[in-house]
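The next block holds one structure in the form of structure tokens; read it before the comments.
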Amino acid sequence: MYNLATAAYQQTTQSTVNPRELEATLLLKAAARLQAVKDDWDTGGPITLDEALSYNRRLWTILATSVTSQDNPLPHEVKQNLGSLGAFVLKHTLDVMTDPKPERLTTLISINRNIAQGLRGG
């Protein structure tokens, strides 16, 4: 499954879409899924917590792997910071899975939205 997601991500980034815009869009999609789960916590909704966390985890695994690769042209410090942020997101995701509470999703939602805004130059 991970290989399929990676292949799809790489294939999509090779199209005419600006890679930064694609990454921002995917981060916002993940944030929207997490927000939907948070908003529908008591009643349940079309997206489950596991689905939203899994999507976000896969996305961040791909992003962190891509950004920290040796052939990535970003400055070393930026690569380190994004790698550390990716590790934090993955750890926090695990924490949410272990002790699920709607307010714990706020951190992941904010990180995704803020990184997406930065990628879009906002």
Side-chain angles (χ1 to χ4, degrees):
M1 179 93 166
Y2 172 76
N3 289 336
L4 291 175
T6 302
Y9 177 79
Q10 289 172 344
Q11 182 180 12
T12 306
T13 58
Q14 292 174 357
S15 68
T16 58
V17 176
N18 176 338
R20 290 178 69 147
E21 182 61 32
L22 174 63
E23 290 165 348
T25 299
L26 293 171
L27 285 164
L28 290 174
K29 180 179 178 180
R33 287 175 173 226
L34 294 165
Q35 185 68 55
V37 170
K38 183 180 175 188
D39 292 346
D40 296 333
W41 191 266
D42 293 328
T43 59
I47 301 170
T48 68
L49 176 62
D50 286 343
E51 290 170 332
L53 289 174
S54 178
Y55 181 86
N56 195 60
R57 185 182 68 242
R58 286 191 317 262
L59 175 60
W60 272 96
T61 298
I62 293 167
L63 289 174
T65 302
S66 173
V67 78
T68 57
S69 71
Q70 289 185 341
D71 60 339
N72 188 306
L74 289 172
H76 180 71
E77 185 176 326
V78 173
K79 290 167 64 169
Q80 274 189 317
N81 289 342
L82 287 171
S84 294
L85 183 59
F88 172 82
V89 167
L90 296 175
K91 183 191 178 311
H92 190 73
T93 298
L94 193 59
D95 293 343
V96 173
M97 292 170 77
T98 312
D99 184 22
K101 293 178 184 161
E103 61 273 7
R104 299 187 86 197
L105 296 174
T106 303
T107 300
L108 298 172
I109 294 165
S110 295
I111 288 171
N112 287 1
R113 288 179 178 163
N114 286 324
I115 296 297
Q117 183 179 12
L119 287 167
R120 289 186 166 163

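To the nearest 0.5 Å, atom CZ of residue R113 and atom CG of residue L108 are 11.5 Å apart. Rounding to the nearest 0.5 Å places CD of Q35 at 4.0 Å from CD1 of I109. Note: W60 CH2 to T65 OG1 = 11.5 Å, rounded to the nearest 0.5 Å. Rounding to the nearest 0.5 Å places NE2 of H76 at 9.5 Å from CG of N81. Here L85 contributes atom CG and L90 contributes atom CG; the two are 9.5 Å apart, rounded to the nearest 0.5 Å. The line from CD of E21 to CG of L26 is 10.0 Å long, rounded to the nearest 0.5 Å.
For the pair N112 and A30, the tightest heavy-atom approach, listed with the atom from each and the gap, is ND2-CB, 3.5 Å. Closest heavy-atom contact between A64 and G86: CB-CA, 4.4 Å. Contact record, V67 with K79: O-CG, 3.2 Å, taken as the closest heavy-atom pair. Nearest heavy atoms, D40 versus P46: OD2-CD, 4.2 Å. The two residues P100 and L49 come nearest to each other via the heavy atoms CB-CD2, 3.7 Å.
You'll find the side chain of L119 reaches within 4.5 Å of the side chain of I115, heavy atoms only. Annotation: side chain of L63 is in contact with side chain of L27 (closest heavy-atom distance under 4.5 Å). Side chains of W41 and L105 form a contact here, defined as non-hydrogen atoms less than 4.5 Å apart. The closest side-chain heavy-atom distance from P102 to D42 is not below 4.5 Å. Between Q117 and N114, the closest side-chain pair of non-hydrogen atoms falls below 4.5 Å. Using a 4.5 Å cut-off on side-chain heavy atoms (C-beta onward), V37 and L53 make no contact. The side-chain heavy atoms of R120 and T25, taken from C-beta on, include a pair separated by under 4.5 Å.
Among the candidates N56, T106, T107, the single residue satisfying the side-chain contact (heavy atoms from CB on, under 4.5 Å) test with L34 is N56.
Counting heavy atoms of neighbouring residues, nucleotides and ligands inside a 6.0 Å radius, atom CD of E103 exceeds 12 of them.
Hydrophobic clustering (side-chain heavy atoms under 4.5 Å, transitive across Ile, Leu, Val, Met, Phe, Trp, Tyr) groups Y55 together with I111.
Checked by atom type, the side-chain pair D71/S69 shows a donor-acceptor distance below 3.5 Å. Side chains of T61 and R57: no donor on one and acceptor on the other come within 3.5 Å.
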